Amino acid sequence: MVMGAASVGTLLVALAVLAPAVMTQSCDDELPAQLAGNFSGLACAPVWNSFVLRYAQDKDNVLRVVLLTMYSTGWVGMGFSKNGLMVDSSAMVGWIGKTGLPHIKPFSLRGKTPSQVVADQGFLVSSDNHKPTVLVQQAKIYLAFQLSFTEPLRRQNVLLAVGSAIPVNDRLAEHQDKTSIVFDFTTGSSSGSSSFPEGLKRTHGALNLFAWGVLLPIGAIVARYCRRWDPLWFYLHAGIQFVGFILGLAGVVAGVSLYSKIQADVPAHRGLGIFVLVLAILQILAIFLRPNKDSKYRKFWNWYHHWVGRLALFFAAINIVLGIKVGGAGNSWKIGYGFNLAVLLITIVTLEVLLWTRWKNSTGSTGAY
């Protein structure tokens, strides 16, 4: 079978991308001669996919590290985190530039966008004994560096990541694959990092999206377009809004817990969330102050209740979009909420047209007599 040049190129690229996932390195490989002198006598442990970590700590709390993995192009990084999350951690990142020159630098991971990943910043302090080194041999990349710490590392949250794009002007493109582990530098054992913050973030997002993005809008739709079925519409409206408020409140509690855990710097998202919660509480309190139907104040109460509710739903929708963005949610969240929003808008427009058509016909029939 004869393959064209394009097919061969595609196959080679695919193999290069898949290599880190399917080829597992071991500690049997010897270090290159360039590293053997300064980085001999290291303990060794396979940690993730093709990543192998060699390490040693001395009495002065200097950590020597050689990180090995398969390599074709792009960048490779090892981060040190306080809580297993990327934000507010620091990393050593190495790559081979387009001209063939090696690069290795510390980075401060202040956020999840490329502009927030800043070179030559962070809390990692390189030892003065040896400069960080990057080597590539036989499709393997070696990141060798020494770091000074104030105390010995024991169980440490470690981030491992690879990117397929070569950095330009020290700007890292988004990683192609990543993981977070807890590595014990005293025993050489590793385990998956706790998923508590990530799970709590998903819970916070799911509860608020379902409450403010699905249930509460449906309750508002029932109140406006189903009044012909009195008093059923009222009980449906009250029941749906109550459940939505409780779920939304649970989402807020999850958000507060998440903030205390990771201290996320998202003032706009937090501020809008607090504003929407206040509006929701005002809506609940208004129920207990609702005048009788024959009261002269009832129409003012109705205006207040309708417009405060609509304002809360409007800002809640904005905050959901903002939350999906700052939370780094995947495309499934964006597509799912976008589809839900489109269905709601189409439903509202259709029902509003039918309502005005019915009102116009009713007015015309009354005027005919």
Side-chain angles (χ1 to χ4, degrees), residues 25-69 71 75-95 102-110 117-137 140-162 170 172 175 178-194:
Q25 301 300 306
S26 70
C27 293
D28 296 332
D29 298 331
E30 294 184 1
L31 286 177
Q34 298 93 317
L35 302 177
N38 297 327
F39 293 92
S40 60
L42 304 183
C44 182
V47 285
W48 174 62
N49 286 350
S50 65
F51 280 76
V52 173
L53 179 63
R54 297 175 186 265
Y55 64 96
Q57 291 188 94
D58 62 21
K59 58 183 178 59
D60 296 321
N61 302 327
V62 174
L63 176 69
R64 291 185 294 158
V65 171
V66 176
L67 184 67
L68 159 68
T69 189
Y71 183 78
W75 57 267
V76 174
M78 176 179 176
F80 294 78
S81 172
K82 298 175 182 178
N83 52 19
L85 301 178
M86 170 185 170
V87 178
D88 294 329
S89 63
S90 292
M92 294 296 294
V93 181
W95 68 93
H103 301 265
I104 181 168
K105 291 189 174 186
F107 281 80
S108 174
L109 312 182
R110 301 172 183 174
V117 179
V118 185
D120 298 317
Q121 299 289 329
F123 57 76
L124 296 181
V125 179
S126 295
S127 171
D128 296 331
N129 295 334
H130 303 285
K131 290 185 177 181
T133 304
V134 175
L135 290 175
V136 173
Q137 288 188 1
K140 301 172 186 175
I141 190 170
Y142 298 82
L143 274 61
F145 52 89
Q146 297 189 19
L147 301 174
S148 297
F149 292 92
T150 56
E151 58 185 22
L153 292 185
R154 294 180 174 83
R155 288 179 57 82
Q156 172 66 41
N157 289 292
V158 172
L159 311 176
L160 300 170
V162 293
D170 297 335
L172 299 184
H175 46 67
K178 65 176 176 62
T179 192
S180 174
I181 65 172
V182 176
F183 189 82
D184 193 328
F185 284 94
T186 59
T187 65
S189 62
S190 62
S191 60
S193 181
S194 172

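Since we're looking at a predicted model, the values are computed, not measured.
Applying the ring-ring contact (aromatic ring centres under 6.0 Å, His included) test to Trp95 and every residue at least two apart in sequence or in another chain returns His103. With sequence neighbours excluded, no residue forms a ring-ring contact (aromatic ring centres under 6.0 Å, His included) with Phe107. Residues forming a salt bridge (Lys or Arg N to Asp or Glu O under 4.0 Å) with Asp170 (at least two apart in sequence, or on another chain): Lys105. Legend: residues meeting side chain to side chain donor-acceptor pair (under 3.5 Å) with Ser90, ordered by chain and number and at least two apart, are absent. Residues passing the side chain to side chain donor-acceptor pair (under 3.5 Å) test with Thr179: none are found, sequence neighbours excluded. In this view, Ala91 and Val93, Leu109 satisfy the side-chain contact (heavy atoms from CB on, under 4.5 Å) rule, not counting sequence neighbours. Residues meeting the side-chain contact (heavy atoms from CB on, under 4.5 Å) test with Asp58, sequence neighbours left out: Asp60, Val62. For Phe39, the ring-ring contact (aromatic ring centres under 6.0 Å, His included) criterion is met by no residue, not counting sequence neighbours. Partners of Phe149 under the ring-ring contact (aromatic ring centres under 6.0 Å, His included) rule, at least two apart in sequence or in another chain, are Phe80. For the side-chain contact (heavy atoms from CB on, under 4.5 Å) test, residues two or more places apart in sequence or in another chain that qualify with Ala56 are Leu42, Arg64. Evaluation of the side-chain contact (heavy atoms from CB on, under 4.5 Å) rule for Ser40 yields no partner, not counting sequence neighbours.
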Derivation of the side chain to side chain contact (heavy atoms under 4.5 Å, CB included) call for Lys178 and Leu159: CA-CA 7 Å; Lys178 65 176 176 62; Leu159 311 176; over 6 Å; no
Verify side chain to side chain contact (heavy atoms under 4.5 Å, CB included) between Leu147 and Ser126, making sure each step is shown before the conclusion. CA-CA 4 Å; Leu147 301 174; Ser126 295; 4.3 Å; yes
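In this structure, Gln156 CD and Thr186 OG1 are separated by 12.0 Å, a value rounded to the nearest 0.5 Å. Atom CZ of residue Phe123 and atom OG of residue Ser108 lie 8.5 Å apart, to the nearest 0.5 angstrom. The OH atom of Tyr71 sits 12.0 Å away from the CG atom of Leu135 when rounded to the nearest 0.5 Å. To the nearest 0.5 Å, the span separating CD on Gln137 from CG on Leu68 amounts to 10.5 Å. Rounded to the nearest 0.5 angstrom, Gln34 CD and Tyr142 OH are separated by 9.5 Å. Note: Leu160 CG to Ile181 CD1 = 5.0 Å, rounded to the nearest 0.5 Å.
Here the closest heavy-atom approach between residue Leu67 and residue Gly77 is recorded as CD2-O, 4.3 Å. Residues Ala144 and Val66 come closest through the heavy atom pair CB-CG2, 4.0 Å. Closest non-hydrogen pair, Cys44 versus Tyr55, comes out as N-CE2, 4.3 Å. Taking each heavy atom of Val182 and Arg155 in turn, the nearest pair found is CG1-NH2, 3.3 Å. Residues Thr150 and Asn61 share a closest heavy-atom pair of O-ND2, 3.3 Å. Closest approach of Cys27 and Arg54 over heavy atoms only: O-NH2, 3.5 Å.
In this structure, Met78 and Leu53 have side chains that are in contact, with non-hydrogen atoms separated by less than 4.5 Å. In this structure, Phe183 and Leu153 have side chains that are not in contact, with every pair of non-hydrogen atoms separated by 4.5 Å or more. Looking at Asp88 and Lys82, their side chains never come closer than 4.5 Å, going by heavy atoms from C-beta outward. The shortest distance between side-chain heavy atoms of Val134 and Ile141 falls below 4.5 Å. In this structure, Met86 and Val117 have side chains that are in contact, with non-hydrogen atoms separated by less than 4.5 Å.
The backbone N or O of Lys131 lies less than 3.5 Å from a partner atom in the side chain of Thr133, making a donor-acceptor pair.
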